[in-house]
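Working notes, structure below.
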Amino acid sequence: MAWKKIASLADIPEYEGLKVDVDGHGIALFHVEGEVYAIDDMCSHAEAHLSQGFLEDCVIECPLHQACFDIRTGKVLSAPATEDVNAYEARIDGDDVLIDI
Ligand code: FES
């Protein structure tokens with residue numbers, strides 16, 4: 001395991017997404033009820049940033065064509081996307097947000 005700090009918790013308002021670049025790869029972070037979740041920022045369907053989608057509970061709706069993904073697992077939940085996105089283990093340490101890369 002290699003935990004890497006990628007954000008500060010204060011930068012991620014609850015129920016909103018934040019895109020961060022990790023070694024050139026876009027990761028979308030979400031802050032829900034004291035937990036932080038990390039998935040690929042790029043939708044698996046086309047060119048859209050999931051960090052800019054609409055979040056309800058642990059489901060993010062893509063802002064372009066409204067496919068839904070579970071932010072805990074990256075699993076696609078509805079069309080038109082058919083492929084999951086990657087999910088990354090994330091944890092909070094004080095005000096630091098770390099992911100396992
Ligand atoms: Fe996300 Fe089409 S780009 S559903």
Side-chain angles (χ1 to χ4, degrees):
M1 280 198 176
W3 292 98
K4 180 172 185 168
K5 178 187 174 184
I6 59 168
S8 294
L9 188 61
D11 294 337
I12 318 170
E14 269 207 290
Y15 290 101
E16 289 187 27
L18 176 73
K19 179 189 177 220
V20 294
D21 280 313
V22 180
D23 301 329
H25 185 78
I27 304 281
L29 296 173
F30 301 97
H31 180 192
V32 178
E33 294 184 358
E35 299 286 336
V36 171
Y37 301 95
I39 61 173
D40 287 336
D41 183 53
M42 190 57 63
C43 182
S44 62
H45 179 242
E47 302 277 315
H49 297 281
L50 295 175
S51 58
Q52 297 173 4
F54 174 71
L55 182 65
E56 183 167 11
D57 296 326
C58 284
V59 176
I60 186 72
E61 183 184 80
C62 176
L64 191 54
H65 305 117
Q66 290 76 51
C68 290
F69 298 85
D70 188 322
I71 61 171
R72 298 166 295 189
T73 62
K75 189 169 177 48
V76 64
L77 301 174
S78 66
T82 57
E83 292 180 27
D84 299 342
V85 294
N86 293 309
Y88 306 89
E89 210 172 320
R91 68 180 170 92
I92 299 166
D93 183 6
D95 188 49
D96 295 342
V97 174
L98 305 99
I99 64 167
D100 183 20
I101 54 172

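Counting convention: from 1, in listed order, for ligands and their atoms alike. Because the structure is predicted, anything quoted here is derived from the model rather than measured. Side chains are part of it too, since the values below use all heavy atoms of this structure and drop only hydrogens, waters and symmetry mates. For the single chain, residues carry numbers from 1 onward in sequence order.
Salt bridge annotation for Lys75-Asp70: absent, with no cationic side-chain nitrogen under 4.0 angstrom from a carboxylate oxygen.
Listed by number with element, the atoms of ligand 1 under 4.0 Å from a non-hydrogen atom of Leu64 are 3 (S). The atoms of ligand 1 that sit less than 4.0 Å from any heavy atom of Ala46 are 3 (S). Contact atoms of ligand 1 toward Cys62: 1 (Fe), 3 (S), 4 (S) (distance under 4.0 Å to a heavy atom of the residue). Residue Ala67 has at least one heavy-atom neighbour below 4.0 Å for each of these atoms of ligand 1: 4 (S). Less than 4.0 angstrom separates some heavy atom of Ala48 from each of these atoms of ligand 1: 3 (S).
The two atoms that bring Ala46 and His65 nearest to each other are CB-CE1, 4.4 Å, heavy atoms only. Across Tyr37 and Ile71, no two heavy atoms sit closer than the pair CB-O, 3.5 Å. Residues Val97 and Val36 come closest through the heavy atom pair CG1-CG1, 3.7 Å. Here the closest non-hydrogen pair linking Ala28 and Asp41 is CB-OD1, 3.6 Å.
Metal site remark for atom 2 (Fe) of ligand 1: His45 contributes an N, O or S atom at a distance under 2.8 Å.
The main-chain N or O of Cys68 is found under 3.5 Å from a side-chain atom of Ser78 such that the two form a donor-acceptor pair.
His65 contributes atom ND1 as its closest N/O/S atom to atom 2 (Fe) of ligand 1.
Of all the heavy atoms of Cys43, the ones lying under 4.0 Å from any atom of ligand 1 belong exclusively to the side chain.
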